[in-house]
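We name chains A, B, ... by the order of the sequence lines, and we start the count at 1 in each one. Nothing here was measured: the structure is a model prediction, and the numbers come from that model.
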2 protein chains.
Amino acid sequence: MDNIARVNTLAGEPCDMSTWDAGNCPVRDVMNQIAGKWSTLLLEALAQRPYRFGELRRLVPDISQRMLTQTLRDLQRDGYIDRQVFPTKPPSVEYRMTDLGHSLFAPLSKVLAWAGENHAAVKAARAKYDASELG
Amino acid sequence: MDNIARVNTLAGEPCDMSTWDAGNCPVRDVMNQIAGKWSTLLLEALAQRPYRFGELRRLVPDISQRMLTQTLRDLQRDGYIDRQVFPTKPPSVEYRMTDLGHSLFAPLSKVLAWAGENHAAVKAARAKYDASELG
DNA sequence: ATTGTTGGTCTCAAAAAGAGACTAGCACTA
DNA sequence: TAGTGCTAGTCTCTTTTTGAGACCAACAAT
C-alpha cells in the first residue's frame with residue numbers, strides 16, 4: 001500500500017503524505033493563494049494591462065473594498081503583482097503584473113480558456129445532478 | 001473608458017461587467033469550484049487512478065471527513081468525478097475521474113507543474129515582502 | 001461481547017468573507 | 001466658505017464557510 005502515502009508526483013517533488021508537513025507541498029502552498037475567489041479574476045485583468053485600485057473595483061463590481069485590498073496584497077506578497085504609489089494630488093496606486101505573475105498566467109490562462117469552452121458541459125452536469133438528487 | 005467595463009476576453013465569451021449577472025461568467029462559475037482548498041489536491045489524486053473514500057482520507061491526512069465528503073460531492077456535481085457505490089459488506093464507494101474531469105486536468109496539471117517549479121521563487125517573494133513590511 | 005472498518009452525518013467553535021460606515025487630503029463648485 | 005466628490009484604503013459587524021470531533025448502522029473478526 002505504498003501508493004497510498006504518495007501523491008503530487010506530477011509537480012516535480014512528490015509529497016510524502018505519511019510524514020506530512022503541511023507547509024511543504026508546493027502545489028498546496030501555491031494553489032491555496034491563487035485559488036481564492038477573486039485571485040484568478042484579478043490576475044486575468046492585470047495580465048492584460050496595469051490597473052489602478054478604483055479601476056479594479058469598478059471592473060469587479062461585486063468585490064468589497066476589503067477583499068480587493070486583501071487579495072491584491074496577497075498577490076503582491078507572493079510576487080505576482082507590483083504595487084506602485086504615485087504621489088499625485090489624490091494619491092493613486094497602480095497594480096502591475098510581474099514577470100513571475102506572467103509566467104504563472106501562461107498555464108493558468110489555459111485553464112481559464114477551458115472554463116469558457118466547457119462552461120455549458122459543467123452547467124449540464126450540475127443540472128443533471130440536481131435533478132437526480134430530487135428523485 | 002470602454003475597456004473598464006469588459007474583462008475575461010481570454011475565455012471565449014467576454015463578460016460585460018457593467019450589466020453584471022454574477023452567475024453568467026464562465027470563468028468565475030467554473031473556477032470558484034476548482035479553486036477550493038482541497039479541490040485541486042483531490043483532482044490530482046483522482047487523475048492518477050480511482051480512489052475510495054477512506055483512501056483519500058488517508059492520502060490527505062489533514063482534511064476533515066466533512067470537507068472530504070463535501071468537496072467530493074461538489075466535484076461530482078460539476079461532472080468532474082463519478083461516484084460508484086459497491087454493495088459489499090462494509091459498503092465501499094469509489095470515486096473516479098470522468099472524461100470531463102480529465103479534460104480539465106490537462107491544462108490544470110500545467111499550473112500544478114508551474115507551482116512545483118516556481119515554489120522557491122514564490123517563497124522568496126514572500127520572505128522579501130514580509131521583511132520589507134517589518135522595516 | 002468488544003473491537004474495527006465502511007462512508008458518511010450532526011453539532012459546535014473558529015476562521016474567513018461580505019456589507020457598509022468612516023478616514024484624510026485635495027479639487028471643484030456654489 | 002461650506003459642501004461634494006475623488007483617491008485608497010481601514011474598522012466594525014454580520015453572515016458564510018471551514019474545521020474538530022462525536023456519533024451512526026451494519027457487518028466481520030476476535
Nearest 0.5 Å, please: how far is [atom2] in [Y] from [atom1] in [X]?
X: B/Leu46; Y: B/Tyr95; atom1: CG; atom2: OH; answer: 9.5 Å
X: A/Arg83; Y: A/Arg77; atom1: CZ; atom2: CZ; answer: 15.5 Å
X: B/Asp78; Y: B/Asn32; atom1: CG; atom2: CG; answer: 10.5 Å
X: A/Gln33; Y: A/Leu75; atom1: CD; atom2: CG; answer: 7.0 Å

[N] OP1/OP2 closer than 4.0 Å to side-chain N/O of [X]:
X: B/Tyr95; N: C/dG8; value: yes
X: B/Lys89; N: C/dT5; value: no
X: A/Trp38; N: C/dG18; value: yes

Any donor-acceptor pair under 3.5 Å from B/Thr71 side chain to B/Leu68 backbone: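 Checking the backbone N and O of B/Leu68 against the side chain of B/Thr71, no donor-acceptor pair under 3.5 Å is found.
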Heavy-atom donor-acceptor pair, B/Ser39 side chain to B/Ala35 backbone, under 3.5 Å: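 Looks like no, no N/O pair under 3.5 Å.
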Closest-nucleotide ordering on DNA chain C, the 5'-leading residue of A/Ser64 and B/Pro91: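 Taking each residue's closest nucleotide, the earlier one in sequence belongs to B/Pro91.
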To the nearest Å, give me how far apart [atom1] ([X]) and [atom2] ([N]) are.
X: B/Leu42; N: C/dG7; atom1: CG; atom2: P; result: 14 Å
X: A/Asn32; N: C/dA17; atom1: CG; atom2: C1'; result: 16 Å
X: B/Leu72; N: C/dG7; atom1: CG; atom2: C1'; result: 11 Å
X: B/Met67; N: C/dC12; atom1: CE; atom2: C1'; result: 16 Å
X: B/Leu56; N: C/dG7; atom1: CG; atom2: P; result: 9 Å
X: B/Tyr51; N: C/dT6; atom1: OH; atom2: C1'; result: 19 Å
X: B/Leu68; N: C/dT6; atom1: CG; atom2: C1'; result: 14 Å
X: B/Glu94; N: C/dG7; atom1: CD; atom2: C1'; result: 14 Å

Where at least one partner belongs to residues 99-108 of chain B, residue pairs that pass side-chain hydrogen bond (donor to acceptor under 3.5 Å, both in side chains), sequence neighbours excluded: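 side-chain hydrogen bond (donor to acceptor under 3.5 Å, both in side chains) check on residues 99-108 of chain B returns A/Trp114-B/Ser103.
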Extract from the structure each pairing of a protein N or O with an N or O of nucleotides 9-11 of chain C at less than 3.5 Å, listing the distance.
residue: C/dT9; atom: OP1; partner: B/Arg73; partner atom: NH2; Å: 2.8
residue: C/dT9; atom: OP2; partner: B/Arg73; partner atom: NH2; Å: 2.9

Residues, nucleotides or ligands: over 12 heavy atoms within 6.0 Å of B/Arg126 CZ: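 Counting other residues, nucleotides and ligands, CZ of B/Arg126 exceeds 12 neighbours.
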Outermost DNA chain D nucleotides near chain B [under 4.0 Å, heavy atoms]: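 Contact boundaries, 5' end first: D/dT18 to D/dC27.
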Test item: A/Glu55 and A/Arg49 side chains (from C-beta on) under 4.5 Å apart, heavy atoms: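 They are in side-chain contact.
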